[in-house]
Amino acid sequence: MSALVLASSTASTSAPAHVASARHDPARPIGRVFVDRYLNGPRGFANGGFAAGSIAQHVDSETVSVVLRRPVPVARALDVFDDGDGAVVVRDGGKTIARGFPSALAAGPAPTAPSFADAQLARARHPLAGVRHPLSDCVVCGPRRLDGMHVTPGALAGRRHELAAPWTVTSAFSHAGSAWYAAVWGALDCTSYPAVALEQRVVCLLGTMTARIERRPLVGEHLVVHSWTRETSGRRYETSVAMTDERGDEVARADATWIAVARRGLASVIRWLR
């Protein structure tokens, strides 16, 4: 079927973790992606996790990678096309915005997840709390967003390369008692930011996100979102992030590639974000 993914408070947000779309003429869209205006990351553009999660729902796979090639605009319907071999491509007019495809997570165990109380303490250590910056209004991690998710990551005590944030699922980001699929991607996205880059206030942009959602958490659940850096190479950071419930069971997991903005390009990125 052709699915319209609305990352908003409509019935469409109850779409399953993956949506099998009918494959037909590659010149014709198989569906659309639409992210509501208030689900922003940088002002005027979609939160990367919400955008990637919305795109991922068009890929028929339990584990999906989404490559974001351009910022995803809010409040604009974007066409989704079959790109062959189970992949989809998202275009805005003639511009390629993103590509999604079946994938796999990086091998290797996760570090021990912190407790919910430790995640709350980590959130309080967020280095930009109280500081006005281009992502202050992010719907997921923005400390100033009264209507946001408040998944604001901070450093874990004694674990410099790890971040954590608590998330209590609210009805504002759920449908029929379960968190939106795209909201889970959003929580994973912001917490996957490289810990050292956050500490040093280095601006990074999300390039690729690969996620597997075991289940959508329920309204009222207290979750811990915990990330670690697997590898750093120049301006490139490879991170992983896990979401665990009160029993310590893994609800979702993701890998992310972040690229630090070169100093010579920082001014233009800040102007774009503002």
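Below, all heavy atoms of this structure are taken into account, side chains as well, without hydrogens, waters or symmetry copies.
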Enquirer: Where is the tightest heavy-atom contact between Thr229 and Ala195, given as atom of each residue plus distance?
Expert: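 For Thr229 versus Ala195, the nearest heavy atoms are OG1-N, 4.0 Å.
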Enquirer: Surrounding CZ of Arg69 (heavy atoms of other residues, nucleotides or ligands, distance under 6.0 Å), is the total greater than 12?
Expert: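 No - once you tally the heavy atoms of other residues, nucleotides and ligands closer than 6.0 Å, there are 12 at most.
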Enquirer: How long is the span from the CG atom in Leu78 to the OG1 atom in Thr96, to the nearest 0.5 Å?
Expert: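 It comes to 11.5 Å.
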Enquirer: Are Arg216 and Tyr181 in a cation-pi setup, meaning NZ or CZ lies under 6.0 angstrom from the ring centre and within 45 degrees of the ring axis?
Expert: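 Judged by the rule, Arg216 and Tyr181 form no cation-pi pair.
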Enquirer: Less than 3.5 Å apart, any donor N or O on the side chain of Thr152 or His126 sitting next to an acceptor on the other?
Expert: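 Note: Thr152 and His126 side chains miss the donor-acceptor criterion.
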Enquirer: Can you classify the ring geometry of Trp180 versus Phe173 as parallel (below 30°), tilted (30 to 60°) or perpendicular (above 60°)?
Expert: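 Correct class here is perpendicular.
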Enquirer: Would you mind writing out the side-chain donor-acceptor pairs for residues 98-116 within the sub-3.5 Å range, not counting sequence neighbours?
Expert:
| unit_1 | atom_1 | unit_2 | atom_2 | d |
| --- | --- | --- | --- | --- |
| Arg99 | NE | Asp83 | OD2 | 2.6 |
| Arg99 | NH2 | Asp83 | OD2 | 3.4 |
| Ser103 | OG | Ser65 | OG | 2.8 |
| Ser115 | OG | Asp118 | N | 3.0 |
| Ser115 | OG | Asp118 | OD2 | 3.3 |

Enquirer: Taking Thr63's backbone N and O only, do any of them form a donor-acceptor pair with Ser61's side chain (distance below 3.5 Å, no angle check)?
Expert: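 Confirmed, Ser61 side chain pairs with Thr63 backbone.
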Enquirer: Which heavy atom in Ala183 sits nearest to a heavy atom in Met149, and how many Å separate them?
Expert: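 Taking every non-hydrogen atom into account, O-CE, 3.5 Å.
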Enquirer: Minimum heavy-atom separation for Tyr237 and Ala260, please, with both atom names.
Expert: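 Between these two residues, the closest heavy atoms are CE1-CB, 4.0 Å.
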Enquirer: Where the side chain of Asp245 meets the backbone of Gly248, is there a donor-acceptor pair that is under 3.5 Å apart?
Expert: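 Confirmed, Asp245 side chain pairs with Gly248 backbone.
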Enquirer: Does any N or O in the side chain of Asp36 come within less than 3.5 Å of the main-chain N or O of Tyr38, such that one atom is a donor and the other an acceptor?
Expert: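 No.
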Enquirer: Restricting to non-hydrogen atoms, name the atom on Val88 and the atom on His58 that form the minimum distance, rounded to 0.1 Å.
Expert: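 Smallest heavy-atom distance, with atoms named: CG1-O, 3.7 Å.
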Enquirer: Working to the nearest 0.5 angstrom, can you tell me the gap between Thr257 OG1 and Glu231 CD?
Expert: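 So the gap between those two atoms works out to 9.5 Å.
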Enquirer: When you check the gap from the basic side-chain N to the acidic O, do Asp137 and Arg145 get nearer than 4.0 Å?
Expert: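 Salt bridge between Asp137 and Arg145, a charged N being under 4.0 Å from a carboxylate O: no.
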Enquirer: For Arg125 and Ala155, indicate whether the former's side chain and the latter's backbone hold a donor-acceptor pair under 3.5 Å.
Expert: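 Present.
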Enquirer: Do Thr244 and Glu250 pair up side chain to side chain, a donor and an acceptor below 3.5 Å, judged on atom types alone?
Expert: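 Side chains of Thr244 and Glu250: no pair found under 3.5 Å.
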Enquirer: Taking the side chain as everything from C-beta on, heavy atoms only, tell me whether Ser54 gets closer than 4.5 Å to Val35.
Expert: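 Heavy-atom side-chain distance check passes, below 4.5 Å.
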Enquirer: Can you confirm whether Val151 sits close enough to Thr191 that some side-chain heavy atom of one is under 4.5 Å from a side-chain heavy atom of the other?
Expert: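 Yes, close enough: below the 4.5 Å cut-off.
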Enquirer: Taking the side chain as C-beta and beyond, is there a heavy-atom pair between Val184 and Pro217 under 4.5 Å?
Expert: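 Contact flag for Val184/Pro217 side chains = yes.
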Enquirer: Between the main-chain N or O of Asp189 and the side-chain N or O of Ser192, is there a donor-acceptor pair closer than 3.5 Å?
Expert: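 Yes: the side chain of Ser192 pairs with the backbone of Asp189.
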Enquirer: Find out whether Thr208 and Leu68 are in side-chain contact, i.e. whether some heavy atom of one side chain is under 4.5 Å from a heavy atom of the other.
Expert: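 SC-SC contact between Thr208 and Leu68 ruled out.
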Enquirer: Which heavy atom in Cys190 sits nearest to a heavy atom in Pro153, and how many Å separate them?
Expert: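 Nearest heavy atoms, Cys190 then Pro153: O-CG, 3.6 Å.
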Enquirer: Quick check on the hydrophobic clustering: are Leu121 and Val225 connected, directly or via other members, by side-chain heavy-atom contacts under 4.5 Å?
Expert: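 Leu121 and Val225: separate clusters.
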Enquirer: Salt bridge between Asp255 and Arg212, side-chain N to carboxylate O under 4.0 Å?
Expert: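 No, this pair does not count.
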Enquirer: Using side chain to side chain contact (heavy atoms under 4.5 Å, CB included), reason through Val241 and His226 one step at a time and then give a plain yes or no.
Expert: CA-CA 5 Å; Val241 56; His226 165 227; 5.9 Å; no
Enquirer: Please determine whether residues Val224 and Ile213 belong to a single hydrophobic cluster, defined as Ile, Leu, Val, Met, Phe, Trp and Tyr linked transitively by side-chain heavy-atom distances below 4.5 Å.
Expert: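 No, separate clusters.
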Enquirer: Taking it one step at a time, do Arg91 and Phe81 satisfy side chain to side chain contact (heavy atoms under 4.5 Å, CB included)?
Expert: CA-CA 8 Å; Arg91 296 193 181 102; Phe81 296 86; 3.4 Å; yes
Enquirer: Is the side chain of Glu162 donor-acceptor paired with the backbone N or O of Arg159 at a distance under 3.5 Å, no angle test?
Expert: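 Looks like no, no N/O pair under 3.5 Å.
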Enquirer: Does the side chain of Thr170 come within less than 4.5 Å of Val219's, by heavy atoms?
Expert: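 They are not in contact (no side-chain heavy atoms under 4.5 Å apart), so the answer is no.
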Enquirer: Would the Tyr193 and Trp258 ring centres measure less than 6.0 Å apart?
Expert: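 Yes, ring centres under 6.0 Å apart.
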Enquirer: Within this structure, what is the NZ-CG distance for the pair Lys95 and Asp92, rounded to the nearest 0.5 Å?
Expert: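 Going from NZ on Lys95 over to CG on Asp92, the span is 7.0 Å.
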Enquirer: Would you give the length of the straight line joining atom CZ of Arg236 to atom CD1 of Ile259, rounded to the nearest 0.5 angstrom?
Expert: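 Rounded to the nearest 0.5 Å, the CZ-CD1 separation comes out at 5.0 Å.
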Enquirer: Show, in sequence, the C-alpha distance, side-chain angles and deciding distance for Glu214 and Arg253, and conclude whether the side chain to side chain contact (heavy atoms under 4.5 Å, CB included) test is met.
Expert: CA-CA 8 Å; Glu214 300 295 341; Arg253 188 161 173 174; over 6 Å; no
Enquirer: So Val140 and Phe50, do their side chains get closer than 4.5 Å, heavy atoms only?
Expert: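 When only atoms from C-beta onward are counted, Val140 and Phe50 do touch, with a gap below 4.5 Å.
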Enquirer: Decide yes or no on side chain to side chain contact (heavy atoms under 4.5 Å, CB included) for His222 and Trp167, but give the supporting numbers first.
Expert: CA-CA 6 Å; His222 298 308; Trp167 182 29; over 6 Å; no
Enquirer: Are Val90 and Val67 connected in a single hydrophobic cluster, I mean Ile/Leu/Val/Met/Phe/Trp/Tyr linked by side-chain heavy atoms less than 4.5 Å apart?
Expert: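 No; tracing contacts between hydrophobic side chains, which count when under 4.5 Å, never links both residues.
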Enquirer: Val251, Leu163: one ILVMFWY side-chain cluster at the under-4.5 Å cut-off?
Expert: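 Linked within one cluster.
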Enquirer: Report yes if some heavy atom in the side chain of Ile55 is under 4.5 Å from a heavy atom in the side chain of Ile97; otherwise report no.
Expert: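 Not touching, per the 4.5 Å side-chain cut-off.
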Enquirer: Can you confirm whether Val169 sits close enough to Leu223 that some side-chain heavy atom of one is under 4.5 Å from a side-chain heavy atom of the other?
Expert: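 In short, these two side chains touch, coming nearer than 4.5 Å.
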Enquirer: What is the distance from atom CZ of Arg144 to atom NE2 of His150, rounded to the nearest 0.5 Å?
Expert: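 Result: 13.5 Å between the selected atoms.
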Enquirer: Quick one: do the Ser240 and Arg230 side chains pair a donor with an acceptor below 3.5 Å?
Expert: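 Yes, because at least one side-chain N or O of Ser240 sits under 3.5 Å from a partner of the opposite role on Arg230.
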Enquirer: Mind listing the closest non-hydrogen atom pair of Pro71 and Pro73 along with its distance?
Expert: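 Nearest pair, atom of Pro71 first, then Pro73: O-CD, 3.4 Å.
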